[in-house]
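Naming: A, B, ... by sequence-line order, numbering from 1 per chain.
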Amino acid sequence: MKLFFILLICGAVFYIGYSFSIYYKKKLIIYCDLIKLCEILQSEIKFNKNTIYQIILNNLNCFSNEFKQFLINYYINNNNNYNLIYLNSSELKTIKNFFDSLGKYDVEGEIAQIKNQQIILALKKDEVAIKNQKIGQLGTKLGVLCALLVFIVLV
Amino acid sequence: MLKYILPEKIFFGINEIEPNILNEIRLRKNKPVIVNVSGKNFYLNENGLSTNATDALMCDGAYITDIIKKVSNNSLYSINDQLINGFINCGGGIRIGVAGEIVSENNHIKTIKNINSLNIRIPHIVKNCSLNYYSYLVKNSQVCSTLILSAPGAGKTTFLRDLIMQISKRNPSLNSLVVDERGEISGGNNINLGDNVDVYLNSTKQYAFENGIRSLKPDVIFTDEINFNNDLSIIENALTCGVKVVATIHAKDINDLKLKKNFNYILNNFLFERFIVLNNSCGPGTVEGIYNQNLNCIFC
């Protein structure tokens, strides 16, 4: 019984560290998805001038589950209050600004606008990638170490 | 479609009107909303039609912006080519005429901004409206090259659409090509015109005639709103390729048509075998007269 509780506590400690690392990993994946979306938008607008709604709908399966769900709720179902749990409020605002900026120009203007937004998002992605490398990976390692430490102390 | 694009207040008013008789909805910034019903203009209020401007619904500038956003699905670039030509095709054959401030660069129109007027035209399918005149237009399974003329809003497109359906139904051996520049004939490909009909949607006549004849081998080409100055050579080319052409043109009657530049050329070269004059006297698509290639009346 005692061993079971010790293992449970160790597992919980490890999970906290792992969640910390997952948080940055998912954040990075969302930024990668956003950049992928910019590229898809540019090529499809240039080629077939489909509406943003159609482009997103046709390419939903190119994205991670979290981002796909965000696109469905925020853009397709027009639920402006939908949040992505891996992003803080300022990051969410940047992304919502990106969506608000879409669809206001002719083809050339639209592509230039998306390119500008892509640059901003790429900078943000680089920041998140660095954080993921530093803090994210550290989270898993610390989780494992702490879990071991707890195990040793309690046993 | 109207429910989706119109502001709630205006839609409630429109909803009170019998859909079959509604032709146009005119929205002008900060002016009362006007609707054309059975060829007559009325003001629109929350309960439907009104002859009194004081209780009419006013068109807020935001309504117009909102409609443009909805029609373009928040993607202005997707309709900019149409906008440049002064209209937006919003599916189901509904065409929105647009007026505003022209933005140009090097004598080339880039877009229209500060849009202040919209004319929403509602298409109608009047089944069999061309049937009584079918025998005048199709002889021995051969379609006569025909020019359908009337003043705006008198049912040219309605007549043409029904004629396409009738030909497709009654002469399945004929391949038809529809050149639908503004998506009005085929309702943006939402209207079933028949089993042997190909549609070039949002295409210029020049492109569709040249490529259609080459690649689709049509027996007859249908198109809307031709212009003798710009379209004469492509139509003549089609006719000399053995393809029949059925087209519409804005002209109140034969006398109006005679005044048009290049008409004598058409007449002297017998480019069209039939001329159908439509009017609005008994609703859109009422045939006033059918004339042969020598402009002799064969149905009056």
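- Counting non-hydrogen atoms of neighbouring residues, nucleotides and ligands closer than 6.0 angstrom, the CG atom of N88(A) exceeds 12 such neighbours.
- At distances below 3.5 Å, not a single donor-acceptor pair connects side-chain atoms of S78(B) with backbone N or O atoms of T51(A).
- At a 4.5 Å heavy-atom cutoff, the contact between N50(A) and chain B is made by backbone atoms alone.
- Other residues, nucleotides and ligands contribute only 12 or fewer heavy atoms inside 6.0 Å of the NZ atom of K25(A).
- The residue among N73(B), N80(B), L83(B), I79(B) with the most heavy atom pairs within less than 4.5 Å of chain A is N73(B).
- Neither the backbone nor the side chain of F99(A) comes within contact range of chain B, judged by heavy atoms closer than 4.5 Å.
- Across all their heavy atoms, K110(B) and D106(A) have their closest contact at CE-OD2, 4.0 Å.
- K217(B) NZ: 12 or fewer foreign heavy atoms inside a 6.0 Å radius.
- Other residues, nucleotides and ligands contribute more than 12 heavy atoms inside 6.0 Å of the CD atom of E18(B).
- Between Q54(A) atom CD and S75(B) atom OG the span is 8.0 Å, to the nearest 0.5 Å.
- Only the backbone of L102(A) has a heavy atom closer than 4.5 Å to any heavy atom of chain B.
- Put simply, the side chain of Y77(B) never gets that close to the backbone of K46(A): no donor and acceptor are under 3.5 Å apart.
- The heavy-atom pair separating L76(B) from K104(A) by the smallest distance is CD2-O, 3.6 Å.
- Within 6.0 Å of OH in Y4(B) there are more than 12 heavy atoms belonging to other residues, nucleotides or ligands.
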